[in-house]
Amino acid sequence: MSHDADVLVLGAGVVGLACAHYLLSEGRSVRVLDAGKVGAATSWGNCGTLTPSHAAPLAAPGMVGQALRWMLRPDAPLYIRPRWDPALARWLGKVAGRCNRRDWQQSGLAKGRLLKYSRALVEDLVYGQDLDCGFEAGGLHYVFRSARALARTQRDLPLLAELGISARVLDGAELAADEPALKPGLAGAIHFPGDAHLRPDRFTAELARIVRAAGGVIEEGVRVSGFERGRNGIEGVQTSEGRRSGGRVLLAMGAWSAGFAANLGLPIPIQPGKGYSITYDRPALAPRRPLVLKERSVCVTTWDDGYRLGSTMEFSGFDDGANPRRLAALERGAAQYLVEPTGPARREEWHGWRPMTWDDLPILGRAPGHNNLFLATGHGMMGMGMSAGTGRLLADLMTGRAPAIDPAPYAPSRFAG
């Protein structure tokens with residue numbers, strides 16, 4: 001049977017494009033389909049940080065109590081819109097059940113391995129492929145107003161040390177000397193020298209460029225509407241532009257993956273977690289490196305030609321409305337830490353959906369019960385940071401190479417049954 005490509009990749013975000021790149025490097029022909037533009041969904045508006053430092057899972061001991069306290073504040077870092085949603089309730093119950101030390105450590109080690117692996121691969125890609133994406137390897141600060149919060153977060157450092165992720169604690173005076181953009185009187189920071197950042201929109205555009213240069217085909221504005229199943233697995237994909245086929249199909253559609261997988265009788269536990277960001281012209285006194293303002297869970301990233309505040313987590317399904325209170329919370333949070341919390345002109349307000357799994361690990365590998373369907377989704381807030389590692393891992397699994405890291409923690413089969 002002839003196909004349009006060896007591998008049909010569904011989704012032209014950063015993960016789908018990274019997978020396409022590494023598959024092409026293994027000699028496979030690739031066709032990528034996306035309902036919109038390259039990198040225009042979740043890959044567009046995030047803060048562009050590459051953070052092995054973020055290995056600690058969201059489901060941590062004590063998080064249930066914190067989440068309940070946040071529910072009283074609509075502008076808190078986590079917000080769950082009250083509604084009848086049994087699937088979300090079950091998913092939240094799974095998350096709550098993992099807020100213990102054993103599960104936290106197990107997920108954290110697996111998450112950290114992929115983040116660290118991917119961080120190295122992104123740098124190799126940037127310099128090896130000459131990607132123009134504003135990549136800088138200057139590290140990142142977790143910044144604290146409260147000495148108590150600083151001490152509490154230091155408990156995560158042994159987990160990171162086990163993965164070889166280094167960190168250095170700065171007291172208030174050291175922090176003030178290191179980062180003039182911060183207000184005086186802060187408690188301190190944890191510096192992670194191995195972290196980096198880039199412009200996410202440029203990175204995805206550059207990935208698309210090298211995919212096309214290597215012979216890959218990317219079709220934008222092509223909406224997937226259904227699948228044709230046969231003896232050989234998925235034999236075709238129905239789209240708004242006609243039928244497409246591939247010897248193998250890779251589903252990399254972020255938060256929308258769960259709905260498409262359900263059409264194939266494949267339940268995968270992904271919930272859409274809405275995040276927000278605001279992009280500005282660069283302020284005169286901008287931070288020297290990315291910051292995470294920990295008590296307010298606001299990420300701050302500076303580029304040569306721009307400046308972004310981002311984060312928050314909202315569970316409201318695929319409601320497309322932007323909550324102005326949550327956008328304003330980014331600026332209010334930044335104002336507690338930064339001398340110039342916003343830039344001189346606001347360029348863009350953005351919101352998008354992150355594909356959240358209840359164990360905070362992505363879903364990577366062959367789909368159970370499907371001989372030619374593979375999944376690359378569920379990256380939560382770490383899609384940019386895990387992109388290259390995911391692409392290399394999927395290319396290895398699909399071509400029979402031995403992966404550099406153990407794929408078992410991310411296997412789709414962990415949700416079977």
Pair Trp303 and Phe135, ring centroids less than 6.0 Å apart
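No, the ring centres sit 6.0 Å or more apart.
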Please find out if less than 6.0 Å separates the ring center of Phe318 from that of Trp353.
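Yes, the ring centres sit under 6.0 Å apart.
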Partners of [X] by salt bridge (Lys or Arg N to Asp or Glu O under 4.0 Å), sequence neighbours excluded?
{"X": "Arg244", "answer": "Glu219"}
{"X": "Asp319", "answer": "Arg81"}
{"X": "Arg289", "answer": "Asp178"}
{"X": "Arg212", "answer": "Glu220"}

Can you find a pair of side-chain heavy atoms, one from Ile218 and one from Leu17, that are under 4.5 Å apart?
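A side-chain contact under 4.5 Å exists here.
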Side chains of [X] and [Y]: donor-acceptor distance under 3.5 Å anywhere?
{"X": "Tyr276", "Y": "Glu349", "value": "no"}
{"X": "Thr239", "Y": "Glu241", "value": "no"}
{"X": "Gln238", "Y": "Arg243", "value": "no"}

For the side chain of [X] and the backbone of [Y], is there at least one donor-acceptor N/O pair under 3.5 Å apart?
{"X": "Arg308", "Y": "Asn46", "answer": "yes"}
{"X": "Gln129", "Y": "Leu131", "answer": "no"}
{"X": "Asp171", "Y": "Gly188", "answer": "no"}
{"X": "Ser277", "Y": "Gly45", "answer": "yes"}
{"X": "Ser118", "Y": "Leu115", "answer": "no"}
{"X": "Asp4", "Y": "Ser245", "answer": "yes"}
{"X": "Glu348", "Y": "Ile278", "answer": "no"}

Can you confirm whether Arg223 is buried at CZ, in the sense that more than 12 heavy atoms of other residues, nucleotides or ligands lie under 6.0 Å from that atom?
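Check fails, neighbour count at 12 or below.
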Does this structure show an ion pair linking [X] with [Y], if we count only N-O contacts that are shorter than 4.0 Å?
{"X": "Asp360", "Y": "Lys111", "answer": "yes"}
{"X": "Arg202", "Y": "Glu206", "answer": "no"}
{"X": "Glu331", "Y": "Arg346", "answer": "yes"}
{"X": "Asp359", "Y": "Arg414", "answer": "yes"}

Using the ring of each side chain (for Trp, its six-membered ring), is His191 parallel, tilted or perpendicular to His141, with breaks at 30° and 60°?
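Perpendicular.
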In terms of the angle between their ring planes, are Phe192 and Tyr142 parallel, tilted or perpendicular, with boundaries placed at 30° and 60°?
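Rings of Phe192 and Tyr142: perpendicular, as their planes differ by over 60°.
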Does anything in residues 248-267 pair up under side chain to side chain donor-acceptor pair (under 3.5 Å), and if so which pairs, sequence neighbours excluded?
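Found Ser257-Thr377.
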Only pairs at least two apart or in different chains count here, so list each side chain to side chain donor-acceptor pair (under 3.5 Å) that has a residue in residues 396-410.
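Sorted result for residues 396-410: Glu26-Arg401, Arg392-Asp396, Asp396-Arg401.
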With sequence neighbours left out, write down each residue that passes side chain to side chain donor-acceptor pair (under 3.5 Å) with Ser107, or none if nothing qualifies.
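Listed in chain order: Arg98.
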Taking side chain to side chain donor-acceptor pair (under 3.5 Å) as the definition, give me every residue that meets it alongside Thr49, ordered by chain and number, with sequence neighbours left out.
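Once residues adjacent in sequence are excluded, Thr49 has no partner under the side chain to side chain donor-acceptor pair (under 3.5 Å) criterion.
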For a side chain to side chain contact (heavy atoms under 4.5 Å, CB included) check, start with the C-alpha distance between Val9 and Val7, then their side-chain angles and the critical distance, and finish with the verdict.
CA-CA 6 Å; Val9 179; Val7 182; 4.0 Å; yes
Leu159 and Gly108: which non-hydrogen atoms are nearest, and at how many Å?
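That closest heavy-atom pairing would be CD2-CA, 4.1 Å.
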Under the ring pair (Phe, Tyr, Trp, His ring centres under 6.0 Å) test, which residues partner [X], sequence neighbours left out?
{"X": "Trp104", "answer": "none"}
{"X": "His370", "answer": "none"}
{"X": "Tyr117", "answer": "none"}
{"X": "Phe260", "answer": "none"}

